[in-house]
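Here's the structure we're looking at; comments come further down.
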Amino acid sequence: MGLILRLLVAAGLAADAIVHWRFAPEMAFVQGGSIDGELLFRIQAAVAGVVAVVILTYATRWAYALAFLVAGSAVGAIVFYYYVDIGALGPLPAMYEPVWYTEKTISLVGEGIAALAALAGFLTASRPKREDEASRAPEAATRP
């Protein structure tokens, strides 16, 4: 089960990375904020790609948590900016886009699958045992 979750997370993050990288040049003309849309999309693509490699390399709780944060924030952003036009938000440009197209759907599905699989991985990944807990466990079981 662990390998399947890791592959789902990595595949979802890879879809996210590919779509963001491909659409980065088109976002160069988005107005507002001190970070332009192209840079924002390239950062998202790079972070998603790196975290996909991390989750394939390490199946730890912190890796799943990191993957959940990246994928979950991407899902939140795509849904939020579909429904809400808040304009530029601090350094972020105005990313409002109330349309759906194939690549946007692929990105949302990939991010959603990655977020859900990362959450499942986080909940099912075993925690490393600390030495003091391991040494106390048998003692606690023998008490009346």
Side-chain angles (χ1 to χ4, degrees), residues 1-30 32-141:
M1 181 69 164
L3 179 61
I4 292 170
L5 289 175
R6 290 166 72 183
L7 292 174
L8 285 171
V9 172
L13 289 172
D16 176 31
I18 290 167
V19 169
H20 277 87
W21 193 264
R22 284 191 59 229
F23 276 89
E26 294 179 23
M27 295 295 152
F29 305 105
V30 175
S34 58
I35 300 174
D36 69 347
E38 181 177 10
L39 178 61
L40 188 64
F41 267 50
R42 293 220 189 270
I43 290 170
Q44 173 63 26
V47 170
V50 167
V51 174
V53 171
V54 167
I55 203 68
L56 288 173
T57 308
Y58 305 101
T60 60
R61 290 174 59 88
W62 70 264
Y64 281 118
L66 182 63
F68 179 77
L69 287 175
V70 171
S73 66
V75 167
I78 202 168
V79 172
F80 180 78
Y81 284 120
Y82 176 76
Y83 289 107
V84 181
D85 182 7
I86 58 168
L89 182 62
L92 302 176
M95 300 297 291
Y96 178 64
E97 188 179 40
V99 294
W100 283 105
Y101 43 90
T102 304
E103 292 84 0
K104 191 173 186 177
T105 304
I106 290 169
S107 181
L108 178 64
V109 169
E111 294 158 359
I113 289 171
L116 292 174
L119 181 61
F122 178 80
L123 295 173
T124 60
S126 62
R127 292 185 214 171
K129 290 186 178 181
R130 295 188 345 214
E131 288 183 31
D132 57 332
E133 289 177 3
S135 64
R136 280 189 254 159
E139 180 182 313

More than 12 heavy atoms of other residues, nucleotides or ligands under 6.0 Å from CD1 of I43: is that the case?
yes
Which heavy atom of D16 sits nearest a heavy atom of E111, and at what distance?
OD1-OE2, 2.7 Å
Is any side-chain heavy atom of L108 closer than 4.5 Å to one of V79?
yes
For V99 and K104 the tightest heavy-atom approach is O-NZ, 2.9 Å
Set of side chain to side chain contact (heavy atoms under 4.5 Å, CB included) partners for A125, sequence neighbours left out:
R61, Y64
A94 to V30 - nearest heavy-atom pair and separation
O-CG1, 2.9 Å
Kindly state each residue pair satisfying ring-ring contact (aromatic ring centres under 6.0 Å, His included) with at least one member in residues 80-119, sequence neighbours excluded.
F23-Y101, Y82-W100
At what distance, to the nearest 0.5 angstrom, does CG of D36 lie from CZ of R42?
10.0 Å
Between A15 and G110, which heavy-atom pair has the shortest distance, and what is it?
CB-CA, 4.4 Å
Distance, nearest 0.5 Å, that separates CG of L5 from OG1 of T124:
5.5 Å
Quick one: closest heavy-atom pair of A115 and G72, and the distance?
CB-N, 4.0 Å
Value for CZ (R6) from CG (L8), rounded to nearest 0.5 Å, stands at 12.5 Å
I'd like to check L56 versus L7 (side-chain heavy atoms, cut-off strictly below 4.5 Å). Are they in contact?
yes
Closest heavy-atom pair, V53 versus T57, reported as atoms and distance to 0.1 Å, is O-OG1, 2.7 Å
Can you sort out the partners of W62 under side chain to side chain donor-acceptor pair (under 3.5 Å), two or more places apart, ordered by chain and number?
T60
Atom pair CZ (F122) and CG (L119), whose distance is rounded to the nearest 0.5 Å
8.5 Å
Under the side-chain contact (heavy atoms from CB on, under 4.5 Å) test against S107, which residue among H20, R22, Q44 passes?
H20
